There are 2 protein chains.
Amino acid sequence: MKISEGVEWAAHACALLAAVPEGGALSAGAIAAFNDLPKAYMAKHLQALAKAGVVVSVRGAQGGYRLARPPAEISLWDVRRAIEGPGPDFHCANIRLKGPCVAPKPSSGPCAIAHAFWEAERAYQAALGSMTIADVVVQAAREQDAEGLSRIAAWLRAAL
Amino acid sequence: MKISEGVEWAAHACALLAAVPEGGALSAGAIAAFNDLPKAYMAKHLQALAKAGVVVSVRGAQGGYRLARPPAEISLWDVRRAIEGPGPDFHCANIRLKGPCVAPKPSSGPCAIAHAFWEAERAYQAALGSMTIADVVVQAAREQDAEGLSRIAAWLRAAL
DNA sequence: TCATTGCGGACACATAGCATCCGATTTAAA
DNA sequence: TTTAAATCGGATGCTATGTGTCCGCAATGA
Ligand code: FES
Ligand code: FES
């Protein structure tokens, strides 16, 4: 099992969008260029983020994307779910109901194996849900010196 | 992202193997037949379990597989890792090091996004690791009446 | 009006998972 | 000693999903 690489793309895109001023919007091309990624595919992921309500899109000239909520209210779980989809990773194929030894009366409550996996996914979701885009931005800014921050600000001003 | 269906196959196989008596071994064909699954592919997953040290294989006539440890010492995480592989699900492609605004000095400690995902995977692993094959067997037995249990015991005796 | 931008679908490609088959090897039983 | 049963490992084909591109349409501000 591997997590789609698009999840990382979307996370970095949200981190960048957290830096756009109120009322502004960053185009898909600009977001892709900032991270050196192909514009067309990045646009696909941004559409998924928009459909999931993580970002809002602004159509037309000078349009683009901005965050739908403050960065502190967007978790990495929201991003992951927007790209990978909502359903559980583990799917119970009801193997226990197949084979020569299956009980004639179904009586099928929740299956123990599936229950354990779904419980683990809830722990995963809780851990990811406690890390927000705001946290990511803070930690990313900590790795930049003042000159790097000003260069990013200048790039952002030019791309707006 | 979806968990491979082979993980469920392997989990059910381990649950069945927990019922074989000391010194016995169940062939791949018997395990597949019990769960109504294709024998050839089930054999592949059993090989993976054997390579991961979850089960041990007995070659030759009357051979097959048995658990490598007591059922209470085999977790669903062990099963998942045997089938899906050991590495982390999330892979950091170092997008932060690409693009026009990358800092000239690398200074790259661990990245915040990847750290959050890996921490969530640790929570997932901890939750799955606390559920053992023994727990699964107990809960599965609770859904069977006495007649079902004796039928399974008879099937097992015939397949040995 | 016109350039810019998102939206949605169609398309091609690569990779991974699913499933089967076969020969080689090992081992217990006949 | 022979034979049958069973795992092991690789090769193969098929399918589903992810990756990446492209194009026409709709919307919107200059
Ligand atoms: S029956 Fe197999 S996981 Fe539920
Ligand atoms: S740089 Fe993208 S997740 Fe580490």
Side-chain angles (χ1 to χ4, degrees), chain A residues 1-10 13 17 20 23-33 35-66 68 80 82-85 87 89-91 93 95 159-160, chain B residues 1-10 13 17 20 23-33 35-66 68 80 82-85 87 89-91 93 95 159-160:
Chain A
M1 187 186 62
K2 235 189 72 179
I3 284 195
S4 168
E5 200 170 339
V7 174
E8 185 186 352
W9 294 27
L17 286 176
V20 309
L26 215 53
S27 74
I31 298 173
N35 293 321
D36 194 27
L37 294 170
K39 163 188 164 182
Y41 198 26
M42 172 59 95
K44 272 281 187 298
H45 292 315
L46 287 169
Q47 287 178 35
L49 286 173
K51 198 177 303 183
V54 176
V55 303
V56 293
S57 63
V58 181
R59 300 181 66 156
Q62 301 298 317
Y65 295 91
R66 78 173 64 99
R80 195 208 101 114
I83 304 299
E84 296 270 352
D89 297 342
F90 182 87
H91 182 242
I95 289 181
L160 179 87
Chain B
M1 187 185 62
K2 235 190 71 186
I3 284 196
S4 167
E5 199 172 339
V7 174
E8 184 186 352
W9 295 26
L17 285 175
V20 309
L26 215 53
S27 75
I31 298 173
N35 292 323
D36 194 27
L37 293 170
K39 164 187 164 183
Y41 197 25
M42 172 59 95
K44 272 281 184 297
H45 291 316
L46 288 168
Q47 288 179 35
L49 286 173
K51 197 177 302 183
V54 176
V55 304
V56 293
S57 63
V58 182
R59 300 182 66 158
Q62 301 298 317
Y65 296 90
R66 78 171 66 99
R80 196 209 102 114
I83 303 299
E84 297 270 352
D89 297 342
F90 183 87
H91 182 242
I95 289 181
L160 177 88

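Proteins get letters first, then strands, A, B, ... in listed order; numbering begins at 1 in each. Note that the coordinates shown come from a computational prediction; the quantities given were computed from them, not determined experimentally.
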A:Ala50: partners by side chain to side chain contact (heavy atoms under 4.5 Å, CB included), with sequence neighbours left out: A:Val55, A:Tyr65
Is there a donor-acceptor pair under 3.5 Å between the side chain of A:Glu8 and the backbone N or O of B:Ala93? yes
Taking only the side-chain nitrogens and oxygens of A:Ser27, find out if one of them lies under 4.0 Å from OP1 or OP2 of C:dT4. no
Could you state the atom-to-atom distance from CG of B:Leu37 to P of C:dG17 in whole Å? 18 Å
Taking CE from A:Met42 and P from D:dG18, how many angstroms apart are they, rounded to a whole number? 17 Å
By side-chain hydrogen bond (donor to acceptor under 3.5 Å, both in side chains), B:Asp89 pairs with (sequence neighbours left out) B:Arg80
Rounded to whole angstrom units, what separation is found between the CZ atom of B:Arg66 and the P atom of D:dT7? 12 Å
Nucleotide C:dG6, atom P - distance to CG of A:Leu17 in whole Å: 11 Å
Hits for side chain to side chain contact (heavy atoms under 4.5 Å, CB included) against B:Ala159, two or more places apart or cross-chain, chain-then-number order -> B:Leu26, B:Ala30, B:Trp155
Note: A:Met42 and A:Ala13 closest approach over all heavy atoms is CE-CB, 4.2 Å
Determine the contact category for A:Ala43: base if any of its heavy atoms lies under 4.0 Å from a base atom, sugar-phosphate if only primed atoms, P, OP1 or OP2 are that close, otherwise nothing. nothing
Find the distance A:His91:NE2 to D:dA16:C1' and express it as a whole number of Å. 15 Å
In whole angstroms, how far is the P atom of C:dA29 from the CG atom of B:Leu160? 11 Å
For every nucleotide of nucleotides 19-26 of chain D, 5' to 3': is a protein heavy atom under 4.0 Å from its base (B), only from its sugar-phosphate (S), or from neither (-)? BBBB---B
So, using side chain to side chain contact (heavy atoms under 4.5 Å, CB included) as the criterion, who are the partners of B:Ala43 when residues are at least two apart? B:Ala28
Using a heavy-atom cut-off of under 4.0 Å over every strand shown, decide if A:Gly64 touches base, sugar-phosphate, or nothing. sugar-phosphate
Residues which pass side chain to side chain contact (heavy atoms under 4.5 Å, CB included) with A:Ala68, listed by chain and number, not counting sequence neighbours: A:Val56
The answer to which of A:Gln62 and A:Lys51 contacts DNA chain C further toward the 5' end, by nearest nucleotide, is A:Gln62
d(CD, B:Gln47; P, C:dC22) in whole Å: 17 Å
In whole angstroms, how far is the P atom of C:dT5 from the OH atom of A:Tyr65? 12 Å
Contact class for A:Met1 (heavy atom, under 4.0 Å): base, sugar-phosphate, or nothing? sugar-phosphate
